[in-house]
Amino acid sequence: VLVETTVPSVPGRRCRIVYRNGAPVDAARVEALCAKVGWPQRPRAKLEAALRNSFLVASLHLQVIDEEGASASTPQTETLVGLARATSDHAFNATIWDVIVDPEYQGQGLGRALVEQVVRALLRREIGNVTLFADARVVEFYRQMGFECDPEGIKGMFWYPR
Ligand SMILES: CC(C)(COP(=O)(O)OP(=O)(O)OC[C@H]1O[C@@H](n2cnc3c(N)ncnc32)[C@H](O)[C@@H]1OP(=O)(O)O)[C@@H](O)C(=O)NCCC(=O)NCCS
């Protein structure tokens, strides 16, 4: 459990946000999350393949809780509020993709927790070269967690189909 909070859209309703690594994540819910932050829609089948073939999929789920603090949600009724995934050669390298937190839950440390948990999970598997691509507006977010832009002058290079 990362946070106990209230649901902004349902006053008085208590809930908590739980982190899971490797839990099944529904592509339709990921699509909905991406749409919420304005990312362009990707073909559903390709998104499903990307999730299935990722080395690691970390997710944040909103659970409604009752007065006793027990979960009143089932995995089916939980809301997906965050995601990060990593691809890897399973030995030396991993790249983090699709780091996203639902705008309603941003600004309370969830994005940082998500990325830190992913990095920790990779280090536990002795994968020490962790890379990612950052939009200009989130460079600072990653820098705060120890990511560096082009360390030692190593420049990423890109090839796009024309
Ligand atoms: C980027 C994102 C995942 C951050 O999630 P979040 O839950 O709001 O982040 P946190 O609350 O954990 O923030 C951690 C720290 O980073 C800072 N931060 C968060 N977003 C930032 C941003 N866009 N630029 C600079 N700093 C940022 C916070 O102020 C906080 O700093 P503090 O610890 O000094 O208070 C979220 O804004 C998001 O989903 N954005 C849209 C998708 C996106 O752009 N993803 C990145 C793809 S490269």
Side-chain angles (χ1 to χ4, degrees), residues 1-10 13-44 46-65 73 78-89 93-124 127-151 154-161:
V1 176
L2 295 177
V3 176
E4 284 220 7
T5 180
T6 51
V7 188
S9 49
V10 189
R13 189 46 96 55
R14 284 173 64 228
C15 63
R16 64 185 164 220
I17 293 169
V18 295
Y19 167 86
R20 295 212 180 93
N21 182 348
V25 174
D26 181 38
R29 293 184 186 208
V30 176
E31 258 179 11
L33 200 54
C34 293
K36 271 187 144 181
V37 298
W39 283 0
Q41 196 174 354
R42 294 171 284 186
R44 171 78 59 87
K46 291 189 93 170
L47 180 56
E48 279 166 354
L51 290 166
R52 191 170 58 243
N53 295 320
S54 289
F55 179 66
L56 187 156
V57 178
S59 47
L60 300 178
H61 305 260
L62 183 78
Q63 280 181 346
V64 173
I65 49 180
S73 305
E78 285 177 3
T79 311
L80 182 74
V81 294
L83 184 91
R85 63 185 184 90
T87 51
S88 177
D89 60 11
N93 306 293
T95 305
I96 297 175
W97 305 94
D98 294 341
V99 176
I100 180 165
V101 171
D102 185 319
E104 280 188 64
Y105 300 94
Q106 288 179 9
Q108 46 182 318
L110 294 172
R112 176 195 282 269
L114 198 50
V115 174
E116 285 179 350
Q117 291 294 338
V118 168
V119 170
R120 258 184 239 155
L122 294 170
L123 291 177
R124 275 200 298 276
I127 294 169
N129 190 32
V130 181
T131 52
L132 55 79
F133 299 90
D135 291 345
R137 69 201 144 76
V138 287
V139 165
E140 209 42 52
F141 166 72
Y142 291 116
R143 215 198 295 270
Q144 283 182 13
M145 282 176 273
F147 284 88
E148 297 169 45
C149 292
D150 297 329
I154 300 163
K155 303 288 180 201
M157 295 178 74
F158 300 80
W159 184 92
Y160 294 113

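Scope of the values below: all heavy atoms of this structure, side chains included, with no hydrogens, waters or symmetry mates. First listed ligand is number 1; within each ligand, the first listed atom is number 1.
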Does any N or O atom in V99 lie less than 3.5 angstrom from one in ligand 1, N or O only?
yes

Purely on distance, is any nitrogen or oxygen of G109 under 3.5 Å from one on ligand 1?
yes

Counting heavy atoms only, which of G111, G82, G38 comes nearest to atom 7 (O) of ligand 1?
G111

When you measure from atom 39 (O) of ligand 1 to each heavy atom in V81, V101, L33, L60, which option holds the nearest one?
V101

Between E116 and R112, is the closest basic N to carboxylate O distance under 4.0 Å?
yes

For ligand 1, does Q144 get within less than 4.0 Å through its side chain, its backbone, both, or neither, judged by non-hydrogen atoms?
side chain

Atom 9 (O) of ligand 1: any protein heavy atom closer than 4.0 Å:
yes

Is S59 reaching over with its side chain to a backbone N or O of V25, donor-acceptor style, under 3.5 angstrom?
no

Between the candidates W39, F141, Y105, F133, which shows the shortest non-hydrogen contact distance to atom 21 (C) of ligand 1?
F141

Any nitrogen or oxygen of R112, side chain or backbone, less than 3.5 Å from one on ligand 1?
yes

Between D98 and R42, is there a salt bridge with N-O shorter than 4.0 Å?
yes

Without swapping roles, check the side chain of D135 against the backbone of R137 for a donor-acceptor pair under 3.5 Å.
no

Atom 28 (C) of ligand 1 within contact range, any protein heavy atom under 4.0 Å
no

Under-4.0 Å heavy-atom contact between protein and atom 5 (O) of ligand 1
yes

Distance-only N or O hit between ligand 1 and A113, under 3.5 Å:
no

When you measure from the side chain of Q106 to the backbone N and O of V101, does any donor-acceptor pair fall under 3.5 Å?
yes

Can we say R16 and E78 salt-bridge, meaning some charged N sits less than 4.0 Å from an Asp/Glu carboxylate O?
no

